[in-house]
Amino acid sequence: MLPEKRVFDDRRPLLSVVVPCYNESEVLPHTHARLTRVLASLVGFECELIYVDDGSTDGTWDLISSLTRTSATVRALKLSRNFGHQRACLAGLREATGDAVAIIDADLQDPPELIGEMAALWSDGWSVVSARRRARSGETLFKKASAYAFYRLLNALSDQPHALDTGDFRLVDRTVVELLTAIPEKDLYLRGIVSWFGLPETSVAYDRSPRHSGESKYTLRKMLSLARHGLLGDSAALLRLPVYLGSAALAYGVTATVARRDLRKFAGPGAFGAQALALGVMGEYVHAVHRQLQGRPAYVVEERITSVSHPVAVKERVGL
Ligand code: UDP
Ligand code: MG
């Protein structure tokens, strides 16, 4: 079902663009020039640009702070040290005041020009507009293959389908920002949780360019950490593995014992199965505690329609 168009009668909607930066001084002047051009062309929107310096050591912060002096629409945030891309994005989302908020990488792998198309889809009523990578040039075969496999594995294991082949280059509605920033989880896998909300989501396809300059800041260690947070946050499959393995081994042990009428047949697989099952049950408890600690909302209300004559609506309006 197509969502309803957003209407702003009395003002132009505000679009915030969040740019996480870690040692991006080489590319940042180019990124800023392209972003400013794109935002100036979006005549239907007011715009603000939020640069988040994620503990850079190469003069990125000096550059960002100089941009705040020359441009009234630029806001800057400096994190005390390198916290990683996801937390830098979250800091930017907390800082953003827009009706819609876009997140884009600083290295020009994601074309800023796509923001116009994404903003138009948001105006059409979509809550989440993700950018799907059709091709990824200038990236290593390892990076492409591991990303391809990971997104599909995560999708197969997760309780909720994820938009395939999308990073964090996306534009989301304020409701999504409010939901995201209210979650107490420290290690959010942003793209996963945005899909988990289940609000109307669409995507635009694009060919990812090579990095403009410098090297990837996503080291193997950071990629593995992101994958771990994605898997742990959105899927209990790994925790359930002992249950499946244990059940199979236990069934095998019992069958072998009965078929051969020999109790010793139970010893190997049967004992392993029983132990793995016990471990699996513990895992279920750990999972329940983990879910509770994550503090995600029990559900997400997409829309609320209340009539003035309804007593609940009146209560809400007077703040009871
Ligand atoms: N980044 C960040 N903190 C980090 C690593 C990366 O803020 O610890 C930023 C980086 O400056 C860039 C974006 O996150 O704007 C994506 O990083 P990168 O382009 O290095 O990742 P890749 O495209 O190679 O996966
Ligand atoms: Mg990049």
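As the structure lists them, so they are numbered: ligands from 1, and atoms in each ligand from 1.
- Among protein heavy atoms, the minimum distance from atom 17 (O) of ligand 1 is reached at Y218 CD1, 3.7 Å.
- Each of the following atoms of ligand 1 lies closer than 4.0 Å to a heavy atom of P20: 7 (O), 9 (C), 10 (C), 11 (O), 12 (C), 15 (O).
- Considering both main-chain and side-chain atoms, A106 comes within under 3.5 Å of ligand 1 through a nitrogen or oxygen pair.
- Looking only at protein heavy atoms, the nearest one to atom 14 (O) of ligand 1 is H85 CD2, 3.0 Å.
- Not a single N, O or S atom of Y218, from either the backbone or the side chain, sits less than 2.8 Å from the Mg ion (ligand 2).
- Among all non-hydrogen protein atoms, the one lying nearest atom 23 (O) of ligand 1 is Q109 OE1, 2.7 Å.
- To the nearest 0.5 angstrom, L157 atom CG is 11.0 Å from R240 atom CZ.
- Coordination check, D107 versus the Mg ion (ligand 2): passed, since an N/O/S atom of the residue sits under 2.8 Å.
- In this structure, atom 24 (O) of ligand 1 lies nearest to the protein heavy atom S216 OG, 2.5 Å.
- Set against the non-hydrogen atoms of C21, the atoms of ligand 1 under 4.0 Å away are 7 (O), 11 (O).
- The nearest protein atom to atom 11 (O) of ligand 1, hydrogens excluded, is given as E24 OE2, 2.6 Å; this is a heavy-atom distance.
- At a heavy-atom cutoff of 4.0 Å, ligand 1 is contacted by the side chain of N82 but not by its backbone.
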**Request:** Start with the C-alpha gap between T60 and E24, add the side-chain angles, then the distance that decides, and say whether side chain to side chain donor-acceptor pair (under 3.5 Å) holds.
**Result:** CA-CA 6 Å; T60 295; E24 301 287 10; over 6 Å; no
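- Summarising the contacts of atom 18 (P) of ligand 1 with K143, H212, R211, K222, the nearest heavy atom is found in R211.
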Would you list the atom pairs, donor with acceptor, under 3.5 Å between side chains in residues 244-254 and any protein atom, with sequence neighbours excluded?
| from | atom 1 | to | atom 2 | distance (Å) |
| --- | --- | --- | --- | --- |
| S247 | OG | V243 | O | 2.6 |

